[in-house]
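Along the sequence shown, the residues carry numbers beginning at 1. None of the values given here were measured: they were computed from a predicted structure.
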Amino acid sequence: FPVTIVRVIMKKNRKLSAATLTVAAALVLTACGGGSESSTSQSSEELIAPPAQEVQASGGFNSPVKIPSGVSFTLSEPIAFKPGKFAAGHLPGQKYQEFKVDITNGSTAPVDLATLIVAGKTSTGVCVDIFDGDNGMEGAPQEPLAVGKSITFNWGLSCEGKSGDELSLILSNEGVAIIEVTGKLA
């Protein structure tokens, strides 16, 4: 009989110990969850904007812009276009801009264009890429551009603003700002 009483007391102590440990663990984990407001106060533009970099060369639309390595870039003046049925990236109420990118490799090595990025901005906001197979806007070529060769491809952007607003395009490749081309929204 006394052995049974000892067992009952031990069972109650184990349950009490388990409950105490659970409450203590919950309090410790709750204390670790504190955060700061600074991460949520960043604007979406700050989160998507690349860090400011000095470009290697600059110019205007329809004019070749050559970088020190010998690679030349020509961006045609943007024209307004209507995205196709299956296009992605175009935002309602924005100006849809299409332009051609012509690259001539006058350097001594192939140019990897797979990481080419076109970052656009207007006086009222940033532009986003439009991918539109119906209009031949499929992003950057995936094959390296051989020495002495040229390539032309279409690019599309969805931009805030109105026709005639200032437009700045910065081309980056492999994380390095290459050129800046400026002009006006179509």
Problem set entry | Exam field: side chain D132 to backbone G136, donor-acceptor pair closer than 3.5 Å | no
Side chains of residues 140-151: which donor-acceptor pairs under 3.5 Å do they make with residues two or more places apart or in other chains?
residue, atom, partner, partner atom, Å
Q142, NE2, A140, O, 3.0
S150, OG, T104, OG1, 2.9

Exercise. Other than F81, which residues form its hydrophobic cluster under the rule that side-chain heavy atoms must be closer than 4.5 Å?
Worked result: Y96, I130, M137
For this session: Hey, could you give me each pair passing disulfide (SG to SG under 2.5 Å) that has a residue in residues 143-186? Not counting sequence neighbours.
Result: C127-C159
Exercise. Please, which pairs that meet disulfide (SG to SG under 2.5 Å) have at least one residue in residues 65-125, sequence neighbours excluded?
Worked result: none
Exercise. So, for D165 and G161, which heavy atoms are closest and what is the spacing to 0.1 Å?
Worked result: OD2-CA, 3.3 Å
Exercise. So do I170 and S172 actually touch side chain to side chain, heavy atoms under 4.5 Å?
Worked result: yes
Could you tabulate the donor-acceptor pairs under 3.5 Å formed by side-chain atoms of residues 177-186, not counting sequence neighbours?
residue, atom, partner, partner atom, Å
E180, OE2, S168, OG, 2.6
K184, NZ, E166, OE2, 2.3

For residues 61-80, which side-chain N or O atoms pair as donor and acceptor with protein atoms under 3.5 Å away, sequence neighbours left out?
residue, atom, partner, partner atom, Å
N62, OD1, E77, N, 3.0
S76, OG, K100, N, 2.7

Exercise. Which pairs count as disulfide (SG to SG under 2.5 Å) when at least one residue sits in residues 66-106, sequence neighbours excluded?
Worked result: none
Problem set entry | Residues forming a side-chain hydrogen bond (donor to acceptor under 3.5 Å, both in side chains) with S158, sequence neighbours excluded | Q94
For this session: Just jot down the salt bridge (Lys or Arg N to Asp or Glu O under 4.0 Å) partners of D112, sequence neighbours excluded, or say none.
Result: none
For this session: Could you name each residue pair satisfying disulfide (SG to SG under 2.5 Å) that touches residues 56-97, not counting sequence neighbours?
Result: none
For this session: Kindly write out the residues that satisfy side-chain hydrogen bond (donor to acceptor under 3.5 Å, both in side chains) with T115, not counting sequence neighbours, or none if the list is empty.
Result: N173
Exercise. For K82, which residues count as a salt bridge (Lys or Arg N to Asp or Glu O under 4.0 Å) partner, sequence neighbours excluded?
Worked result: none
Exercise. So, does T122 use its side chain to make a donor-acceptor pair with the main chain of G125 at under 3.5 Å?
Worked result: yes
For this session: Verify side-chain contact (heavy atoms from CB on, under 4.5 Å) between L169 and W155, making sure each step is shown before the conclusion.
Result: CA-CA 11 Å; L169 302 178; W155 204 277; over 6 Å; no
For this session: Look at the side-chain heavy atoms of Ile, Leu, Val, Met, Phe, Trp and Tyr, link any pair under 4.5 Å apart, and say whether I103 and L157 land in one connected group.
Result: yes
